[in-house]
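Shown next, in structure tokens, is the structure this report addresses.
Numbers here simply count residues along the sequence, with the first being 1. Any value given below was found using the heavy atoms of this structure, including those in side chains, with hydrogens, waters and symmetry copies removed. These numbers come from a predicted model, not from an experiment.
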Amino acid sequence: AFRDVGLIDKIVDESDTEFAPITGIVLANEVADAFPAHRLEHREGTWTEHWASLDKTGALCFVPGEVSTDGQRAIDLVASEMETIPDGIFDLSPAASDWFAGTIGHLDRGYAIIIDYGYTAPVLFSGHRLGGTLRAYQAHTVADDPFIDPGNTDLTVHVDFTALIMAGVNQGAELAGLTTQGAFLSSLDLGQRLLAMQQDPETTMADYLSAQAVVLRLIDPGGLGRFSILLMAKNAPVDPPLGGLAVPPPPF
């Protein structure tokens, strides 16, 4: 597909650390939630890591064990984000922070826009989410059991946006804003675009209703509109507030 539209020469292998820093925009939609994660449990000041294993019947399951090196990195990060760590299960991805740090490191001047499902650390690691945020998706159906159909399910964990912000700042970036997809698109006058389409005499009723359904789905605060959008700038202005940040996100 990239070759068909003339973009094949623009693709860069992220494993090549020698390529020149870019000036532009980095856009990542549902990337950060798909990196490898560690399931860690905190109980009365003690951490254990849940490892994938087999039960007596040969079925996959989690078993508690010692904390891995990367697991400890994740624990140290959470400790730096929160004054008090509650008891619960934490699905943490230091790999996502490493990826974002590398991404910002290769950005000479411009902006990074990260769209994903997640929250800042104080919100993410509280309440009902302390049962863990690991989810398995298959055929548009979500399940809490990651071992339902190994190899044929999409496994994700909620993104810790505080960790991404810290990784970006450590690479010289500045926080421009953190909002929701619904607020972001509303700030970009998506509703006005829909209104203009409605007033266009060449717009058919079928076309308008189709576009309206798409817009409502994208901004629905109970669905896709709840996705978080992180904007960070490197050697680029953040004032006045960037487009997309005019409408404040709703409290959750």
Side-chain angles (χ1 to χ4, degrees), residues 1-2 14 26-41 49-55 57-64 68 70-71 74 77-78 88-100 102-103 112-121 123-165 167 178-185 190 210 213-230 249-250 252:
F2 285 102
E14 285 192 1
V26 175
L27 175 63
N29 183 24
E30 292 193 76
V31 174
D33 69 339
F35 283 93
H38 297 259
R39 169 155 282 199
L40 297 138
E41 185 169 358
E49 183 161 358
H50 291 209
W51 297 80
S53 185
L54 299 175
D55 63 18
T57 68
L60 285 165
C61 65
F62 279 125
V63 295
S68 65
D70 278 343
L77 180 58
V78 170
I89 293 175
F90 296 71
D91 291 314
L92 307 173
S93 178
S97 297
D98 292 343
W99 158 77
F100 192 56
T103 297
I113 304 174
I114 309 301
I115 308 168
D116 228 311
Y117 200 84
Y119 304 92
T120 57
V123 179
L124 180 60
F125 305 130
S126 65
H128 67 278
R129 299 183 193 92
L130 287 176
T133 64
L134 176 62
R135 300 291 183 268
Y137 291 88
Q138 186 182 67
H140 303 289
T141 300
V142 62
D144 294 333
D145 184 358
F147 302 128
I148 289 178
D149 190 6
N152 294 312
T153 54
D154 180 19
L155 302 181
T156 73
V157 299
H158 287 14
V159 175
D160 176 1
F161 277 94
T162 299
L164 295 191
I165 292 169
L178 179 64
T179 186
T180 63
Q181 180 168 284
F184 183 80
L185 294 176
L190 187 60
S210 177
V214 170
V215 169
L216 293 177
R217 185 165 180 263
L218 288 172
I219 66 174
D220 178 8
L224 294 179
R226 196 166 183 163
F227 270 59
S228 292
I229 297 185
L230 170 66
F252 289 122

Please check if the side chain of Asp116 supplies one atom and the backbone of Ala32 the other of a donor-acceptor pair under 3.5 Å.
yes

Are Arg129 and Tyr119 in a cation-pi contact, defined as NZ or CZ under 6.0 Å from the six-membered ring centre and within 45° of the axis?
yes

Minimum heavy-atom separation for Leu164 and Ala96, please, with both atom names.
CD2-O, 3.8 Å

So, Asp70 versus Ser68: side-chain donor-acceptor pair below 3.5 Å or not?
no

Heavy-atom nearest pair, Ser228 first then Phe161, reads CB-CE1, 3.5 Å

Ile89 versus Glu41: any side-chain heavy-atom pair under 4.5 Å?
yes

Could you go through the side-chain contact (heavy atoms from CB on, under 4.5 Å) check for Phe90 and Leu130 one step at a time?
CA-CA 6 Å; Phe90 296 71; Leu130 287 176; 3.9 Å; yes

Is Leu60 close to Leu54 at the side-chain level, that is, under 4.5 Å between some pair of heavy atoms?
yes

Could you give the distance from CZ (Arg217) to CG (Leu224), rounded to the nearest 0.5 Å?
5.0 Å

Out of curiosity, Leu92 CG to Leu134 CG, how far, rounded to the nearest 0.5 Å?
11.5 Å

Nearest heavy-atom approach of Ala136 to Leu155 is CB-CD2, 3.7 Å

Would you say Phe125 and Thr162 make side-chain contact, with heavy atoms under 4.5 Å?
no

Heavy-atom closest pair, residues Ile114 and Trp99:
CD1-CH2, 3.8 Å

Only residue of Ser93, Ser97, Pro94 satisfying side-chain contact (heavy atoms from CB on, under 4.5 Å) with Leu77 is Ser97

Quick one, Arg135 with Asp144, criterion side-chain contact (heavy atoms from CB on, under 4.5 Å). Give me CA distance, side-chain angles, the key distance, then yes/no.
CA-CA 5 Å; Arg135 300 291 183 268; Asp144 294 333; 3.3 Å; yes

Val159 vs Phe100, test: side-chain contact (heavy atoms from CB on, under 4.5 Å). Steps then yes/no.
CA-CA 12 Å; Val159 175; Phe100 192 56; over 6 Å; no

When you compare the side chain of Tyr117 with that of Asp33, does any pair of heavy atoms fall below 4.5 Å?
no

Restricting to side chain to side chain donor-acceptor pair (under 3.5 Å), what partner residues turn up for Thr141, sequence neighbours left out?
none

I'd like to check His50 versus Leu40 (side-chain heavy atoms, cut-off strictly below 4.5 Å). Are they in contact?
no

Side chain to side chain donor-acceptor pair (under 3.5 Å) with Gln138: which residues, sequence neighbours excluded?
Asp149

d(Leu230 CG, Ile115 CD1) to nearest 0.5 Å is 10.5 Å

Heavy-atom donor-acceptor pair, Asp91 side chain to His158 backbone, under 3.5 Å
no

Could you check whether any side-chain N or O of Thr179 sits under 3.5 Å from a backbone N or O of Ile229, counting only pairs where one atom can act as donor and the other as acceptor?
no

Distance-minimising heavy-atom pair for Gly225 and Thr180
O-CB, 3.4 Å

Sequence neighbours excluded, the answer for side chain to side chain donor-acceptor pair (under 3.5 Å) partners of Asp98 is Arg73

